[in-house]
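All values reported here derive from a predicted model rather than from experimental measurement.
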Amino acid sequence: MPRGLLNWHFPILNNHGLIGRGLKEVEHVGHSIQYPRITFNADIEEGSILFVKIGILFITAIIIPLFIPRRYVPVDPKNQMPNPNSEQTASIISILTFTFLDNIILMGSKVTHLRADQLPPLADYDGAEYQTTKSFPHLDVFSGAKQRHLFFRLMRVYWKQYSFLAIFLVLQTVAGFVSPIGIYQLLKYLESGGTDQPIKPWVWILWLFCGPMLRSIFRHLYNFISSRVLALTGILVRQLVFEHCLRMRFKAETSNTPESQLVTGIGSTATESVAADTVTLESEETSATESTTRESSSVSEASTVVAHDPSLSSIVSTLKNDTKAKKAAEPPKDIEKQNDANLVGKINNLVTSDLNSIVSAKDFLSLIIGIPLNITLCLVFLYQLLGWSAFVGFAVMVAFLPVPGYVTKIIRTAIVEKSTVTDARIQAVSETMNIIRMVKLFGWEDRMAERLSGTREAELLLVWKIKFLNCFYTIIGAFIIPTSITIATYGFYTAVMKQELTPSTIFSSIAVFSRLSEQLSGVMYQAITMIQGKVSLDRINDFLQKSELLDSFLHEKDCSAQTAVLVSEDVHTSTELGFRNASFVWSLDDEKDNGLATPSSRTFRLRIEGDLLFKRNAINLIIGPTGSGKTSILMALLGEMHFIPTTPDSWFNLPREGGVAYAAQESWVENDTIRNNILFGSEYNDARYKAVIKQCALQADLDLFDAGDATEVGERGLTLSSSWIVDNCLRGDLIKDRTTHNVALVSPVADFVVSIGTDGKIKSQGNQVALAAKQDPELAKELEIDEAATALGEEVIDSDPPQKVGEGKLTVAEEIVEGRVTWHSFKLFLTSLGGNYPILFCVIVIIALLLDYSSHNFQTWYLGFWASQYESHPAPEVPVYLYLAGYCAITLSTCVLYAISYMLAMNGSIRAARTINAKLIDSILHSTLRWLDETPVARIIARCTQDIRTIDSPLPLTLLWTVDGVAGVLTKLGAIILFTPIFLWPGLVIGVLAVLLGNIYLKAQLSVQRETSNARAPMLAHFSGAVHGLVSIRAYGAQDRFKNELYTRLDHFTRLSRISNNLNLWIAVRMDFLGAGFTAALATYLVYGPPVGASNTGFSLNMALDFTASILSVVRVYNDLEVQANSLERIQGYIDIEHEPKPTEEGKPPASWPTSGDLRVESLSARYSRTGPRVLHDLSFHIASGERVGVVGRTGSGKSSLTLSLLRCILTEGEVYLDGVPTSSVNLDALRTSITIIPQMPELLSGTLRENLDPFDQNDDAVLNDALDAAGLFALQEDAGEASLSLDTKISSAGGNLSVGQRQIIALARAMIRGSKLLMLDEATSAIDYKTDAIIQRTLRTQLAKDVTVVTVAHRLQTIMDSDKIMVLDNGRIAEFGKPADLLQNEKGMLRALVNESTDKEKLHELAGAH
């Protein structure tokens, strides 16, 4: 253990020599006196001088060393902290009392909010990078750790800490029996009147103070260490999952799983399928080896040479056989399939909810050490008091043990089911939020809310089931078993053993029985928590061990040779780029050797026969039909696909000595500035950077932003001119000496051309496209379209850029609420609890809890009353069975009252969880597009997952405990005052002090907790963003940079969470001190004040112990409640946002509206926000029903703004008439369901193709197939064979397993099914091949009804030159509008200028009908 860590854990070790010698001196002097002034008959020879000696020795030997600050010991002497955390230099007494946090408490009490930069820095030994470096050799199998369950690997890392935790747990347990001994001795003294009692009573009173304080010190030292261990565990687990994601294969996940399992690694299986050309992340079943030699950073090595090893085929065969054997023994279950289908949601769940469950299960030592030791000491103590009757009670306890064990099994099953359903809900929420713009444009808000409500109801059903089982479990553990033990023990003691129950016996045993009840309840609670933690730990462990990895990380456990990645000296030199006799699949199917089968029977395998060597220092072109596997060649080179050698000399190679640059078909950018996204970790070189900006045509776009390249960007990008790219980028100096893969537009400058067919085989390779066309007739047909389209498409009219935002911020910083949690936020929860009668609901619950505690107090008094009967009656005259029956009746009433209050509260909590989630989802779905632009999706998902989880369980339970604690304080204080009225004032003083302490603590804690909550979102956003860009990150070899960024964000989060945990201990120590002082004062009064009787004294002392514990509990729990209510604030903040107008009865249009596509616009102006500038200025035009209109204009002209304004997605002025009805008077849902827009990048849902075409099941299959046929899908895939799409084809999230062209056609078919009279198309042909473009354009011209109006926002002129009319926009105004032929006659017209700039203006004139 490092010195810093050791010093942190146990600072007393710093001064152990001095303190040890002092203790020996104190012991030596102590031998000279025996019980000084403790016993009634003590005789001290030295008199008072002896106590002076002891005092001086105690101060010099123990007290002074306790207050000496410690020396800061850095973990890295070369990199010391300039300002160490005060925890690292705090004295022993400061650590024990947590006074090193006083500065934070005082600062928090003086300001409305403590900012993160005002808090102490993170201790260097808690840094994420240091902890990862130190722990991964024992934790990560790829860093040398043994292959075993994650729990044992974590224990290997923290075995020393948990050893000390066990010691503190034992000391804490033993200290807990000091108070019962003190009560017993005090009552014995009162019963005997002081006779035959050698020890003075003030000694036992001191025990009542010191016992709780010792227990408090040991307990909080235990919590101090365990909370830190759990904070560090969060670092390690998140880092472990993140690094594992960097090793996983990136492929398309669908919502179903084939029965056949896929071999993915050593002894592994997979349950997902994938199609060609498309990739997304997937989790499968694999088993890692005990140690590996390749790190994730291996992709940045000088070269990746992968050769065939003779043993590979036999190994794969063996793996297949092993997998089949596993399948026979353990067939896949539906629940496992669902887990795999919801992988994205599952990963989010792993690092949030599952990690929280593991943290909650941190006290597992209590279950295996603390609780058994407590029960054993309870039995020993009871045996000393009640003799053999204690073992009768023990026998009853043993007899009941199978019952909670059975309930535990049921609870575990329910928790596993809930975890799966929660994964599905999070996946549904994440997917919905990622396509929320499409949801709003289509008017699907209410229907998507219903769909999400369905997944939520399934989850809440299991939440209710778990809560009900918890209630039943608690009744068994807290009432039935303890009561049965008490009745059996007292009954046997009085009825069989014929012994008398004295106050000292009964009240000291009551304290022990209460402790025994706590332990049994603890078993129940800890068991449930352990089950949840075990389930979550298993899920993370399965994810780490059963995920399909890249070939780079697949190794045979018992094989001496590498099985997948071998650097061979016999293959060609590492400077060659290409393949030889190589075959690739997305995963190795154990049922078929010819490729991967998806649930829709689509198969794909990339086959390269012979050599395919790309030219170095040249432009290489890969061509082929849609879905043929062009992207797959790149993925295979990058090592993303599974390599299957076909001959002994099979290999492939990607040289990396000069670095690799990769541009994905679908752009992926970080949530960072434009400059940082361009640099992507490279050093800034001004000359080169400016050259890049120029050759990529970015300068004009950057000029539109106030902050230029310092502007933040999200997932949106800039559309660039293709011809500009060819002329200025591919032919420019920056691309010189590089190998590039691009689309058909670069064929004039390509030096090497590779053609691939729909079957995944290489058709031809050479230096001419014409040669490839001769060998592939299908390609030849497509190239005819390409040549014409390329000539016509040179002029690109750019899309609208993001709106200008000052200081480069496209997103608004997350707001941090200051001060206490507002009543407005609490009201959201409280009103949701009671439904239509919230006040009545709260009153009933409070009354039930007050009656429950009153019954519980009466139960204790009743036992004292029973014991007092032996003082006035002989034992035979005391009706034992009558008193036992009365005790049973009181206990039963207590149990019933508890069950009623708990179930009422839990039913209310389910109601609140349902209501709040519905309000949140409804609020987000009906928000404005402006708000969505300003709010990152990660923040929205955090509200819908992490914060909703708090609403589901911790918050309602904490609220119940708070009300329960207040009821306990009031009833117990009332019981104390009943016998000792004078203690009303001390009780009030204790209460006031507790409130004051709690208040100043809470001001600091709320600030820290809010900062902690806000620190979580960036950490998870970085995690999520990196997962989405894994292919690009690995291609650039940027894994280390992303790891380091995660280190930084983890450090920030850990720093805040550790301070928050320590603040909890600060308040707990002080509340324990107040409670112990109150109990000791009450005991002093009862002993030395007016006599009230032994029974009443015992009852009062028991009530006092419970009272002080209840005060502490109320303060702690209420503090937790306010901290957890931060989730209420965060949710309330997303409910109180700007919304679009709600539908009204007056806004419902006629059922047949619209009957035509007639569109008339009058003086239309628009802006994105109320204070923002106008983006459209007084537009007026008329489009007749059935006309096809093209909208063109340069960047920033307002094209996209026009489509949004027609759908009322932005603020508008003026009027728009559709079929003669003003759209401003129509409900938004009716308007948007009557108009269909096809965005440039259409968004799809995970599920079947049928579900994407008809998400709400409103049409039969015949209609859907007709729409697909009319949209041209079947014509596109005439030669696709088994790879063709059908209605049952599984679509992955966002359509990840389809090409862009296929997605566009599906979106067009979806629009045709909707039957809208107005169709708006944000033309996306710049991102798809020209055959697909031709099919889409033909469909728009011939397959739509005659009365359907089509408005096309064009990015290339050839797609709209044959339109009925063309609208040219300029700076938000209509520059020209009319027939293309007429507009081209205007020599000064903008359209004519655009056409004349084209290299083939004659063909454009021909299309327009102008000659």
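- Between the side chains of Ser855 and Ser893, a donor-acceptor pair is found at a separation under 3.5 Å.
- Counting only distance, with no hydrogens or angles, the side chain of Ser484 and the backbone of Ile480 share a donor-acceptor pair below 3.5 Å.
- For an aromatic pair to be called close, the ring centres must be under 6.0 Å apart, and Phe858 with Tyr853 fails this.
- Environment of CD1 in Ile839: sparse, with no more than 12 heavy atoms of neighbouring residues, nucleotides or ligands closer than 6.0 Å.
- Looking only at distances, a side-chain donor or acceptor of Ser901 sits under 3.5 Å from a matching main-chain atom of Tyr898.
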Worked check of ring pair (Phe, Tyr, Trp, His ring centres under 6.0 Å) between Trp866 and Tyr862: CA-CA 6 Å; Trp866 179 8; Tyr862 182 82; 7.3 Å; no

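- Atoms CG and CG, on Leu186 and Leu208 in that order, are 5.5 Å from each other to the nearest 0.5 Å.
- Side chain to side chain, Ser216 and His220 meet the donor-acceptor criterion of an N or O pair below 3.5 Å.
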Stepwise side chain to side chain donor-acceptor pair (under 3.5 Å) test for Thr958 and Gln1124: CA-CA 9 Å; Thr958 304; Gln1124 291 170 3; 2.8 Å; yes

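- Side-chain N or O atoms of Ser854 include none that pairs as donor or acceptor with a backbone N or O of Leu851 at under 3.5 Å.
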Working for side-chain contact (heavy atoms from CB on, under 4.5 Å), residues Val963 and Ile846: CA-CA 7 Å; Val963 179; Ile846 291 173; 3.9 Å; yes

Pair Tyr473-Thr408, side chain to side chain donor-acceptor pair (under 3.5 Å): steps then yes or no: CA-CA 8 Å; Tyr473 204 74; Thr408 299; 2.5 Å; yes

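- No donor-acceptor contact under 3.5 angstrom links the side chains of Tyr222 and Gln172, judged on distance only.
- Residues Leu386 and Thr505 form a side-chain contact, since some pair of their non-hydrogen atoms from C-beta on lies under 4.5 Å apart.
- For Tyr493 and Trp388, the distance between ring centers is not under 6.0 angstrom.
- Using a 4.0 Å cut-off between charged side-chain N and carboxylate O, Arg215 and Asp1072 make no salt bridge.
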CA sep, side-chain torsions, deciding dist, call: Tyr902, Phe472, ring pair (Phe, Tyr, Trp, His ring centres under 6.0 Å): CA-CA 10 Å; Tyr902 183 90; Phe472 182 63; over 10 Å; no

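- In this structure, Met497 and Phe492 have side chains that are in contact, with non-hydrogen atoms separated by less than 4.5 Å.
- A donor-acceptor contact under 3.5 angstrom links the side chains of Thr891 and Gln859, judged on distance only.
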